Colleague: 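Take this structure first; my questions come after.
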Amino acid sequence: MCLTHIPCLTQLRLLLQSRRPLHLAYCKEPYCPLVLHCQATLSLHMPSGGLVFAPLSLPCMEAVYGSRKWRTLAPISVLQAFVQQRTSPLQQVVILVQVLSHEINHGYKYSVLPIETFNGSPVHNLAHLAAMVDACADPYLNFGLEGGRFITLNRQEVLEHTPHILKINNIPVDRSDDLLGEDAAAAAAAGVEAAREAAAAADGEALQDGIAAAVE
């Protein structure tokens with residue numbers, strides 16, 4: 001047996017019992033890790049109502065837990081993300097890094113947890129989350145975290161107190177420059193499209209299940 005590797009293509013050569021070679025080839029999907037190890041996550045953040053969000057990355061984990069201990073201290077759900085692949089180029093795992101203590105978020109002590117939804121909509125990347133928070137007109141902001149946990153904040157209180165929270169924690173702006181401009185808009189748009197596709201897929205599965213149940 002002989003294996004020949006070419007980018008995105010593997011050729012397999014088998015020598016049959018008749019001593020006639022059989023050549024097989026198959027395409028390999030390019031490896032696109034969900035978590036980018038080289039991403040400068042520490043410069044990419046969005047504090048909202050004292051909740052500090054950032055994309056998951058190796059520098060982020062090393063800053064939180066230390067370069068030698070993060071693999072043993074990080075939650076299982078975070079570690080699993082490091083071996084998964086992206087389903088789209090702009091997909092990110094957004095995590096709640098920490099909660100900056102304030103009366104409007106009193107009682108919430110979560111840290112380093114992936115955020116899955118905002119007001120019921122899946123979160124595709126940090127720019128998508130920022131766009132949804134900015135556009136929200138509901139009285140409450142509901143952040144759905146991994147494991148079925150939620151953080152619910154009063155939207156009006158978040159608008160009123162976030163500047164003070166930033167000031168007392170010496171944070172100059174409510175988001176990094178990476179979340180401004182055309183690139184952020186494109187990432188947010190990609191998140192909207194991904195959410196639509198996920199909703200359509202869920203509706204399709206529900207329809208198939210309904211048809212199957214009716215047939216039975």
Side-chain angles (χ1 to χ4, degrees), residues 35-67 69-70 73-75 78 81 89-119 121 123-146 149-192:
V35 180
L36 301 179
H37 290 204
C38 61
Q39 185 174 345
T41 300
L42 297 184
S43 68
L44 190 61
H45 64 274
M46 187 194 74
S48 178
L51 311 182
V52 182
F53 299 101
L56 176 62
S57 76
L58 179 59
C60 181
M61 290 298 93
E62 291 179 340
V64 174
Y65 296 114
S67 60
K69 296 183 177 181
W70 73 270
L73 297 178
V78 169
L90 297 178
Q91 183 184 9
Q92 293 175 328
V93 176
V94 180
I95 61 171
L96 171 66
V97 180
Q98 67 177 125
V99 179
L100 303 175
S101 181
H102 192 271
E103 60 184 37
I104 68 172
N105 58 45
H106 179 72
Y108 294 114
K109 304 296 183 181
Y110 302 130
S111 63
V112 193
L113 281 176
I115 175 171
E116 297 178 345
T117 63
F118 173 74
N119 282 6
S121 298
V123 175
H124 191 66
N125 53 51
L126 185 57
H128 182 217
L129 174 61
M132 289 193 292
V133 171
D134 291 343
C136 181
D138 296 339
Y140 293 98
L141 308 180
N142 293 295
F143 300 92
L145 305 176
E146 179 270 335
R149 288 164 280 198
F150 285 88
I151 293 180
T152 301
L153 302 180
N154 183 288
R155 185 176 67 89
Q156 190 59 39
E157 290 181 350
V158 169
L159 294 175
E160 293 177 359
H161 294 282
T162 292
H164 179 247
I165 295 174
L166 297 177
K167 182 178 180 180
I168 62 178
N169 287 279
N170 297 316
I171 301 176
V173 292
D174 71 338
R175 68 196 61 190
S176 60
D177 292 340
D178 309 72
L179 296 177
L180 303 173
E182 296 181 358
D183 290 343
V192 172

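Worth knowing before you read on, the calculation uses all heavy atoms, side chains too, and leaves out hydrogens, waters and symmetry mates. In this text, all values refer to a predicted model and were calculated from it rather than measured experimentally.
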Colleague: Taking ring-ring contact (aromatic ring centres under 6.0 Å, His included) as the definition, give me every residue that meets it alongside H161, ordered by chain and number, with sequence neighbours left out.
Modeller: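 Counting only residues at least two positions away or on another chain, H161 forms a ring-ring contact (aromatic ring centres under 6.0 Å, His included) with H102.
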
Colleague: List for me each residue that meets side chain to side chain donor-acceptor pair (under 3.5 Å) alongside N170, sequence neighbours excluded, and say none if there are none.
Modeller: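 Counting only residues at least two positions away or on another chain, N170 forms no side chain to side chain donor-acceptor pair (under 3.5 Å).
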
Colleague: Looking at every non-hydrogen atom in both residues, tell me the closest pair between E146 and L113 and how far apart they are.
Modeller: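 Scanning both residues completely, I find the closest heavy atoms to be OE1-CD2, 3.7 Å.
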
Colleague: Hey, are the side chains of T117 and M132 touching, using non-hydrogen atoms and a 4.5 Å cut-off?
Modeller: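 No, side chains not in contact.
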
Colleague: Would you please name every residue forming a side chain to side chain donor-acceptor pair (under 3.5 Å) with E160, sequence neighbours left out?
Modeller: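 Testing E160 for side chain to side chain donor-acceptor pair (under 3.5 Å), a comparison that skips the adjacent residues, returns Q156.
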
Colleague: Got F143 and N119 here, is their nearest side-chain heavy-atom distance under 4.5 Å?
Modeller: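 Of all side-chain heavy-atom pairs linking N119 with F143, none is under 4.5 Å.
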
Colleague: What residues, two or more places apart in sequence or in another chain, satisfy side chain to side chain contact (heavy atoms under 4.5 Å, CB included) together with L166?
Modeller: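 Only P47, T162, I171, D174 meet the side chain to side chain contact (heavy atoms under 4.5 Å, CB included) criterion with L166.
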
Colleague: Please enumerate all residues that pass side chain to side chain contact (heavy atoms under 4.5 Å, CB included) together with V99, with sequence neighbours excluded.
Modeller: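 Per chain and number, V99 pairs via side chain to side chain contact (heavy atoms under 4.5 Å, CB included) with L51, L96, N105.
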
Colleague: Can you name the salt bridge (Lys or Arg N to Asp or Glu O under 4.0 Å) partners of E116, sequence neighbours left out?
Modeller: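 For E116 there are no salt bridge (Lys or Arg N to Asp or Glu O under 4.0 Å) partners, ignoring immediate neighbours.
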
Colleague: Could you work out, with salt bridge (Lys or Arg N to Asp or Glu O under 4.0 Å) as the rule, every residue matching R155, not counting sequence neighbours?
Modeller: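 With sequence neighbours excluded, R155 shows a salt bridge (Lys or Arg N to Asp or Glu O under 4.0 Å) to no residue whatsoever.
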
Colleague: Report yes if the side chains of F53 and V97 come closer than 4.5 Å at any heavy-atom pair, otherwise no.
Modeller: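 SC-SC contact between F53 and V97 ruled out.
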
Colleague: If you take all heavy atoms of V93 and P114, which pair is closest and at what distance?
Modeller: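 Residues V93 and P114, closest heavy atoms: CG1-CB, 4.3 Å.
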
Colleague: Between I104 and H106, is there a side-chain heavy-atom distance shorter than 4.5 Å?
Modeller: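 No, every pair of side-chain atoms sits at 4.5 Å or beyond.
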
Colleague: Dump the intermediate steps for side-chain contact (heavy atoms from CB on, under 4.5 Å) on E157 and L141, then the final yes or no.
Modeller: CA-CA 10 Å; E157 290 181 350; L141 308 180; over 6 Å; no

Colleague: Got a sec, which residues hit side chain to side chain donor-acceptor pair (under 3.5 Å) with T152, two or more places apart in sequence or on another chain?
Modeller: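 Per chain and number, T152 pairs via side chain to side chain donor-acceptor pair (under 3.5 Å) with N142.
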
Colleague: Scan for salt bridge (Lys or Arg N to Asp or Glu O under 4.0 Å) pairs involving residues 53-67, sequence neighbours excluded, and state none if there are none.
Modeller: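 Qualifying pairs: none.
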
Colleague: Look only at the side chain of N125 and the backbone of Q92, and say whether a donor-acceptor pair between them is shorter than 3.5 Å.
Modeller: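 No; judged by distance alone, with no hydrogens or angles, the pair does not exist.
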
Colleague: Can you pull out every salt bridge (Lys or Arg N to Asp or Glu O under 4.0 Å) where at least one residue sits in residues 135-144? Sequence neighbours excluded, please.
Modeller: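 Applying salt bridge (Lys or Arg N to Asp or Glu O under 4.0 Å) to every pair that reaches into residues 135-144, excluding sequence neighbours, yields nothing.
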
Colleague: Is the shortest side-chain heavy-atom distance between P55 and V94 below 4.5 Å?
Modeller: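 SC-SC contact between P55 and V94 ruled out.
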
Colleague: With sequence neighbours left out, what residues match Y110 under ring-ring contact (aromatic ring centres under 6.0 Å, His included)?
Modeller: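 Partners of Y110 under the ring-ring contact (aromatic ring centres under 6.0 Å, His included) test: none.
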
Colleague: For a quick test of reading the model, state the closest non-hydrogen atom pair linking V133 to S48 and the distance between them.
Modeller: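 So the minimum-distance heavy-atom pair works out to CG1-OG, 4.0 Å.
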
Colleague: State, with a plain yes or no, whether a side-chain heavy atom of V35 is found less than 4.5 Å away from one of V78.
Modeller: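 No, every pair of side-chain atoms sits at 4.5 Å or beyond.
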
Colleague: Write out all pairs satisfying salt bridge (Lys or Arg N to Asp or Glu O under 4.0 Å) with one or both partners inside residues 90-106, taking only residues at least two apart or from two chains.
Modeller: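 Pairs touching residues 90-106 that pass the test: none.
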
Colleague: Looking at I165 and G50, what are the two nearest heavy atoms and their distance?
Modeller: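 I165 and G50 have their closest heavy atoms at CD1-N, 3.7 Å.
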
Colleague: Tell me, do V158 and N154 make a side-chain contact under 4.5 Å, heavy atoms counted?
Modeller: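 A side-chain contact under 4.5 Å is absent here.
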
Colleague: Determine the minimum heavy-atom distance between P75 and Y65, stating which atoms define it.
Modeller: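 The answer is CD-OH, 3.7 Å.
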
Colleague: For a side chain to side chain contact (heavy atoms under 4.5 Å, CB included) with I115, tell me which candidate from L126, I95, L145 qualifies.
Modeller: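 It is L145, the one option of L126, I95, L145 that forms the side chain to side chain contact (heavy atoms under 4.5 Å, CB included) with I115.
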
